Participant: 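The following block contains the structure, expressed as structure tokens.
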Amino acid sequence: MRTCPGASDWCARNCYNGDTSGEVVFNRPLWFANERHAREDPEGLGRIILGQLADAARGATPPVVAVRVHSSGDFFGERYVAMWRDIARAVPQHLFWAYTRSWVIPAMLPAFEELRRLPNVQLFASVDHTMGPPPEGWRVSRVRDPRAPGTAAEEARPKVRQIACPEEYREGIDCAKCRFCLLPRIGDVVFNVH
């Protein structure tokens, strides 16, 4: 949980990346190497990521790459948020989206607001039923826990569109096909607990 400073107790107990059952295979050595690089040299890591994005866009039609920031972990400090801001600014043709619980860390909010202002970035406040309300104006990703039905985390915000993530229902749709989370500020998304 060292890369998840905003994780609630519920999130720490239900983290799918903490799964040690062997059902899901994670490349933890690579994760730890990336974390170390991000903490010690975020500017250098940013250059590596920009090179990877250029490689991914080469030959693509159109030359646009969609990047989910963090399939595991979270934004763990302002310098790391700034690294992603600088990456997104450098490649405005690419689309970025992320879910974060670190919005609960007051010192990180100014960096998040800078990141959110970029037209090619969609940043969601990730919440569960144990957390307070997200910052005003943010898109929200809720985690629905069937063991705790009827909680505030499941309730749609008034006048805000909300969908259940289609990828979770195996409808043949993945993030690249759905694009709901990539499109500018059109609503909230709900995930089931993993």
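This is a predicted model, so every value here is computed, not measured. Side chains are part of it too, since the values below use all heavy atoms of this structure and drop only hydrogens, waters and symmetry mates.
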Participant: Other residues, nucleotides and ligands only: do more than 12 of their heavy atoms fall within 6.0 Å of CZ on Arg179?
Facilitator: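 Open: at most 12 neighbouring heavy atoms sit under 6.0 Å from CZ of Arg179.
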
Participant: Does Glu40 have any side-chain hydrogen bond (donor to acceptor under 3.5 Å, both in side chains) partners at least two apart in sequence or in another chain, and if so, which?
Facilitator: none

Participant: With Arg89, which residues qualify under salt bridge (charged side-chain N to carboxylate O under 4.0 Å, His left out), at least two apart?
Facilitator: Glu114

Participant: In plain terms, say whether Arg161 and Asp188 are close enough for a salt bridge, that is, a side-chain N and a carboxylate O under 4.0 Å apart.
Facilitator: no

Participant: Does some side-chain heavy atom of Pro184 sit less than 4.5 Å from a side-chain heavy atom of Gln122?
Facilitator: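 A side-chain contact under 4.5 Å exists here.
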
Participant: Can you give each donor-acceptor pair under 3.5 Å made by side-chain atoms of residues 50-58, sequence neighbours left out, with the distance rounded to 0.1 Å?
Facilitator:
unit_1: Asp55; atom_1: OD1; unit_2: Arg58; atom_2: NH1; d: 2.8

Participant: Specify the closest pair of heavy atoms between Trp103 and Pro135, including all atoms of both residues, with the distance to one decimal.
Facilitator: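 Result for this residue pair: CE3-CD, 3.5 Å.
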
Participant: CG of Leu45 to CZ of Arg47: how many Å apart, nearest 0.5 Å?
Facilitator: 9.5 Å

Participant: Does the cation-pi check pass for Arg68 over Phe96, that is, NZ or CZ under 6.0 Å from the six-membered ring centre and within 45° of its axis?
Facilitator: no

Participant: Under the side-chain contact (heavy atoms from CB on, under 4.5 Å) test, which residues partner Ala82, sequence neighbours left out?
Facilitator: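 side-chain contact (heavy atoms from CB on, under 4.5 Å) check on Ala82 returns Arg85.
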
Participant: I would like to know whether Arg116 and Leu118 meet side-chain contact (heavy atoms from CB on, under 4.5 Å); could you show each step before the answer?
Facilitator: CA-CA 5 Å; Arg116 283 183 67 239; Leu118 297 176; over 6 Å; no

Participant: Just how far is it from atom NE2 of His94 to atom CD1 of Ile87, taken to the nearest 0.5 Å?
Facilitator: 11.0 Å

Participant: If the condition is side-chain contact (heavy atoms from CB on, under 4.5 Å), which residues does Ala66 pass it with, not counting sequence neighbours?
Facilitator: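 side-chain contact (heavy atoms from CB on, under 4.5 Å) check on Ala66 returns Trp97, Leu182.
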
Participant: Under the side-chain hydrogen bond (donor to acceptor under 3.5 Å, both in side chains) test, which residues partner Arg36, sequence neighbours left out?
Facilitator: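 Here no residue qualifies.
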
Participant: Can you check side-chain contact (heavy atoms from CB on, under 4.5 Å) on Val143 and Val127, steps first, answer last?
Facilitator: CA-CA 6 Å; Val143 178; Val127 301; over 6 Å; no

Participant: In chain order, what residues pass the side-chain contact (heavy atoms from CB on, under 4.5 Å) check against Ser141, with sequence neighbours excluded?
Facilitator: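 By the side-chain contact (heavy atoms from CB on, under 4.5 Å) rule, Ser141 matches Tyr99, Phe124, Ser126, Val189, Phe191.
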
Participant: Which is it for His70 and Phe76 under the ring-ring contact (aromatic ring centres under 6.0 Å, His included) test, yes or no, and what are the steps along the way?
Facilitator: CA-CA 11 Å; His70 308 124; Phe76 53 79; 7.9 Å; no

Participant: Applying ring-ring contact (aromatic ring centres under 6.0 Å, His included), name anything that partners Phe112, two or more places apart in sequence or on another chain.
Facilitator: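 With sequence neighbours excluded, Phe112 shows a ring-ring contact (aromatic ring centres under 6.0 Å, His included) to Phe75, Trp138, given in chain and number order.
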
Participant: Would Arg117 and Glu113 pass as an ion pair if we require N to O under 4.0 Å?
Facilitator: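 The answer is no: the pair does not qualify as a salt bridge.
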
Participant: Could you give me the CA-CA distance, side-chain angles and deciding distance for Val104 and Met131, then say whether side-chain contact (heavy atoms from CB on, under 4.5 Å) is met?
Facilitator: CA-CA 9 Å; Val104 302; Met131 300 174 76; 3.7 Å; yes

Participant: Which atoms form the tightest heavy-atom contact between Ala111 and Val81, and what is the distance?
Facilitator: O-CG1, 3.6 Å

